[in-house]
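Please read through the structure below; I'll follow up with questions.
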Amino acid sequence: MEYQEEHRARQAIEQLKYRYWRACDAKDPEGFRACFVATGGVLDFGPLGRTDPDTMVGIFRKIALATATDGGPRILDMHHGFMPSLTVEEPDAGQAPHRATGTWTLQFRQVDRDQGTETLSTGEYSDVYVVEDDRWVMAECLFTPGWSVTRSLEDATVTFPEVDAVPGAATAGADS
């Protein structure tokens, strides 16, 4: 495989994963869904279960879009992924790369405004990426939780922007 092809594939896959995390933090179910294959994908997020992308979007909506007792968002998330290790598979002669695998480390922070808690946790993603409709998407996204710390926000002030979620905004115009 030519260096340029592999490099472009790696860049596109990295941008895909960043769009995925951005959609999670932006509470953007449509953007989240757009990061996966149209049919047949597998997601396993540990405590959230093993399922397909469409079912996970329903779980995502229930958690990420929950309203706190004061009418604002109940859950505030921050996903930071780093240390990617990507392997782009050798394509057939004359073809562009179309399948890859990768692992990422995640640092995750979540504020639950109704419970008054903040959780900091880590974990590892193990993914399979494929080209579908001329763009890289995830066919498998498996998350293995690492350590976690939950603490009270008893004396904390939590602020958040007063903005309306715009479906797909987190990933608009960012096809790889």
Side-chain angles (χ1 to χ4, degrees), residues 6-66 73-89 96-112 119-146 148 160-161 163-176:
E6 183 177 359
H7 181 70
R8 279 192 298 271
R10 287 174 182 275
Q11 285 185 314
I13 291 164
E14 286 182 11
Q15 291 303 306
L16 164 66
K17 198 68 176 183
Y18 297 144
R19 282 194 311 276
Y20 159 76
W21 285 317
R22 192 173 300 116
C24 291
D25 292 348
K27 303 178 180 298
D28 180 356
E30 288 80 12
F32 175 92
R33 179 63 183 89
C35 293
F36 296 95
V37 292
T39 59
V42 176
L43 286 78
D44 188 337
F45 293 162
L48 296 179
R50 185 179 183 98
T51 189
D52 61 89
D54 291 321
T55 302
M56 191 58 74
V57 166
I59 295 167
F60 177 84
R61 285 180 189 280
K62 188 174 186 178
I63 296 170
L65 301 180
R74 176 180 175 182
I75 302 295
L76 302 171
D77 288 339
M78 183 172 62
H79 295 74
H80 284 182
F82 48 94
M83 298 189 304
S85 177
L86 303 173
T87 302
V88 180
E89 293 185 6
H98 62 276
R99 189 173 190 285
T101 57
T103 58
W104 296 78
T105 297
L106 176 72
Q107 178 184 6
F108 177 66
R109 178 168 262 151
Q110 183 177 76
V111 172
D112 184 324
T119 300
L120 174 65
S121 57
T122 65
E124 296 292 320
Y125 277 95
S126 178
D127 301 330
V128 174
Y129 311 98
V130 297
V131 174
E132 185 177 84
D133 296 328
D134 296 323
R135 65 187 188 99
W136 286 95
V137 291
M138 287 182 273
E140 292 181 21
C141 184
L142 312 176
F143 181 72
T144 303
S148 181
F160 54 92
V163 296
D164 292 322
V166 178
T171 58
D175 286 337
S176 48

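The first residue in the sequence is number 1, and the count goes up from there. Heavy-atom basis, side chains included; hydrogens, waters and symmetry copies ignored. The model shown is predicted, which means the values in this text are computed figures rather than measured ones.
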Ring geometry between Y20 and F45 (parallel below 30°, tilted from 30 to 60°, perpendicular above 60°)
tilted
For D25, enumerate each residue passing the salt bridge (charged side-chain N to carboxylate O under 4.0 Å, His left out) test, keeping only those at least two apart in sequence or located in another chain.
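For D25 there are no salt bridge (charged side-chain N to carboxylate O under 4.0 Å, His left out) partners, ignoring immediate neighbours.
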I need the K62 NZ to I75 CD1 distance, nearest 0.5 Å.
13.0 Å
Identify, with sequence neighbours excluded, every residue that meets side chain to side chain donor-acceptor pair (under 3.5 Å) alongside E124.
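With sequence neighbours excluded, E124 shows a side chain to side chain donor-acceptor pair (under 3.5 Å) to T105, given in chain and number order.
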Least distance between heavy atoms, V37 atom then V130 atom
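Looking at all heavy atoms of both residues, the shortest contact is CG1-CG2, 3.6 Å.
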Minimum heavy-atom distance C24-F32, with the two atoms named:
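Here C24 and F32 meet closest at SG-CD1, 3.7 Å.
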Using a 4.5 Å cut-off on heavy atoms from C-beta on, say whether the side chain of M83 contacts that of T103.
no
What residues form a side-chain contact (heavy atoms from CB on, under 4.5 Å) with V88, not counting sequence neighbours?
M1, E6, A9, R10, P97, A100
For residues D127 and C141, report the shortest heavy-atom separation together with the two atoms involved.
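So the minimum-distance heavy-atom pair works out to OD1-CA, 3.3 Å.
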Approximate separation, where rounding is to 0.5 Å, of L16 CG and M138 CE:
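Rounded to the nearest 0.5 Å, the CG-CE separation comes out at 4.5 Å.
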Mind checking whether K27 and P73 have side chains closer than 4.5 Å, heavy atoms only?
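When only atoms from C-beta onward are counted, P73 and K27 do touch, with a gap below 4.5 Å.
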Heavy-atom side-chain proximity of D44 to E140 below 4.5 angstrom
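No - every pair of side-chain heavy atoms lies 4.5 Å or more apart.
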Could you go through the side chain to side chain contact (heavy atoms under 4.5 Å, CB included) check for R109 and L76 one step at a time?
CA-CA 8 Å; R109 178 168 262 151; L76 302 171; over 6 Å; no
Under 30°, 30 to 60°, or over 60°: which ring-plane class applies to F143 and Y125, parallel, tilted or perpendicular?
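Correct class here is tilted.
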Which atoms form the tightest heavy-atom contact between W104 and G81, and what is the distance?
CE3-C, 4.3 Å
d(F60 CZ, D77 CG) to nearest 0.5 Å is 8.0 Å
Value rounded to 0.5 Å, distance of CD in E89 from NE2 in H98:
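One gets 7.0 Å once the value is rounded to the nearest 0.5 Å.
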Taking the side chain as everything from C-beta on, heavy atoms only, tell me whether L86 gets closer than 4.5 Å to E14.
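Yes, side chains in contact.
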For T101 and Y129, which heavy atoms make the closest approach, and how far apart are they?
C-CE1, 3.9 Å
T144: side-chain contact (heavy atoms from CB on, under 4.5 Å) partners, not counting sequence neighbours:
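If we apply the side-chain contact (heavy atoms from CB on, under 4.5 Å) test to T144, skipping adjacent residues, there are no hits.
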Can you check whether A38's main-chain N or O pairs, donor with acceptor, with E132's side chain at less than 3.5 Å?
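Present.
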Would you please name every residue forming a side-chain contact (heavy atoms from CB on, under 4.5 Å) with T122, sequence neighbours left out?
W147
All salt bridge (charged side-chain N to carboxylate O under 4.0 Å, His left out) counterparts of D54, not counting sequence neighbours
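Counting only residues at least two positions away or on another chain, D54 forms a salt bridge (charged side-chain N to carboxylate O under 4.0 Å, His left out) with R33.
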Determine whether V137 and F36 satisfy the following criterion, side chain to side chain contact (heavy atoms under 4.5 Å, CB included), listing intermediate values before the conclusion.
CA-CA 5 Å; V137 291; F36 296 95; 5.7 Å; no
Just verifying a value: how many Å separate F108 CZ and H80 NE2, rounded to the nearest 0.5 Å?
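Rounded to the nearest 0.5 Å, the CZ-NE2 separation comes out at 11.0 Å.
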Nearest-0.5 Å distance that lies between atom CZ in R135 and atom CD in Q15:
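With rounding to 0.5 Å, CZ (R135) is 14.0 Å from CD (Q15).
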For D52 versus L43, what's the shortest heavy-atom pair and its separation?
C-CD1, 3.9 Å
